[in-house]
Amino acid sequence: MTAAAPFNATGGAPPLLEIENLGKRFGGFIALDNITLSIPAGERLGLIGPNGSGKSTLVNCICGTLRNEQGTVQFGGQRLDGLQAHQRTHLGLARSFQLPRPFVSLTLADNIRIPLLYTVAARSGSHHAAHAIEERCVGLTHYEIEDILSLLIRLNEQGVTIILIEHIMSAVMSFSRRLVVLVSGRKIADGMPDDVMRDPEVERAYLGQ
């Protein structure tokens, strides 16, 4: 496994979200294989990889939708083992979904803001808020994608740490200050976006070169 040096937005401060040796199985299938990841407060992290690489499983284990059999997740210095998804949300950890069921009376931007009500608003003045976004941009116009990215960047500037899962690489590269690549449940790269995309293992496994 190759990995570039990860970007640290806080200059060595303790991470907001820390994942150590996370493992998840579905029967005999290994969905996550010893994932270790530190995310500082204020990060804009792009999480990429082919379909079935473990991206959604990782987010589900972080947020409490799934229980990992191995490893630990800490948020704001607190271990999340045993906490339900709603309890993790009240601590400041929220997510949006790949296949959303939006409130039809609200705009797209307002629908994205809904999961933040119990994180940013409930923890006003605290930097301990993180949001995992799995909103698919497929089918959206260039201008709609730009609007979504602008909203996410504004939220990040307000103190929200964001993990973005998206398959449109132009959107990921435009948003992310750091990229993590998963392939077959393993983390194969972690670092500055341009460095990660030049990694030979990423080119072979993710880009098919």
Give the minimum heavy-atom separation between C61 and R88, together with the two atoms involved.
-> O-NH1, 3.1 Å
State, yes or no, whether a side-chain contact exists between L152 and L164 at a heavy-atom distance under 4.5 Å.
-> yes
If we only count heavy atoms from C-beta on, is the L179 to S176 side-chain gap below 4.5 Å?
-> yes
Side chains of V59 and T65: closer than 4.5 Å at any heavy-atom pair?
-> no
When rounded to the nearest 0.5 Å, the distance separating NE2 of H86 from CG of L93 is 13.5 Å
For residues N34 and R186, is any side-chain donor paired with an opposing acceptor at under 3.5 Å?
-> no
Dump the intermediate steps for side chain to side chain contact (heavy atoms under 4.5 Å, CB included) on M197 and M169, then the final yes or no.
-> CA-CA 10 Å; M197 297 312 295; M169 289 308 301; 3.8 Å; yes
Hey, mind stepping through V172 and H167 against side chain to side chain contact (heavy atoms under 4.5 Å, CB included) and telling me if it holds?
-> CA-CA 8 Å; V172 174; H167 289 281; over 6 Å; no
Report the distance from atom CG of L45 to atom CZ of F175, rounding to the nearest 0.5 Å.
-> 8.5 Å
Under 3.5 Å: donor-acceptor pair, side chain of N156, backbone of G159 | no
Close side-chain approach of E166 and I48, heavy atoms under 4.5 Å = no
Interatomic spacing from CZ in R25 to CG in D33 - rounded to 0.5 Å | 8.0 Å
Indicate if M173 and V181 have the same hydrophobic cluster label, given that clusters are the connected sets of ILVMFWY residues with side-chain heavy-atom separations under 4.5 angstrom.
-> yes
Shortest non-hydrogen separation from R177 to P193 and the atoms involved = O-CD, 3.4 Å
Taking all non-hydrogen atoms of both residues into account, name the closest pair between V196 and D190 and its distance.
-> CG2-C, 4.0 Å
Would a 4.5 Å heavy-atom cut-off, applied to side chains only, mark L47 and L58 as touching?
-> yes
Can you give each donor-acceptor pair under 3.5 Å made by side-chain atoms of residues 16-24, sequence neighbours left out, with the distance rounded to 0.1 Å?
unit_1 : atom_1 : unit_2 : atom_2 : d
N21    : OD1    : T36    : OG1    : 3.4
K24    : NZ     : R67    : O      : 2.8
K24    : NZ     : E69    : OE2    : 3.0

For the residue pair I35 and G185, what are the closest heavy atoms and their distance?
-> CD1-O, 3.3 Å
Interatomic distance, I163 atom CD1 to I165 atom CD1 [nearest 0.5 angstrom] | 7.5 Å
Non-hydrogen atoms of G54 and L32 that approach each other most closely | O-CD2, 3.5 Å
Evaluate the side chain to side chain contact (heavy atoms under 4.5 Å, CB included) criterion for residues R178 and R44: first the C-alpha distance (whole Å), next the side-chain angles of each, then the deciding distance (0.1 Å), finally the verdict.
-> CA-CA 7 Å; R178 175 181 166 199; R44 295 206 311 254; over 6 Å; no
Are L66 and F29 joined in one hydrophobic group, where the rule is that I, L, V, M, F, W and Y side chains link up if heavy atoms are under 4.5 Å apart?
-> yes
With side chains defined as the heavy atoms from C-beta onward, is the minimum distance between Q158 and L155 less than 4.5 Å?
-> yes
Enumerate donor-acceptor pairs with a distance under 3.5 Å from any side-chain N or O in residues 73-85 to protein atoms, sequence neighbours excluded.
unit_1 : atom_1 : unit_2 : atom_2 : d
R79    : NE     : D81    : OD2    : 3.2
R79    : NH2    : D81    : OD2    : 2.5

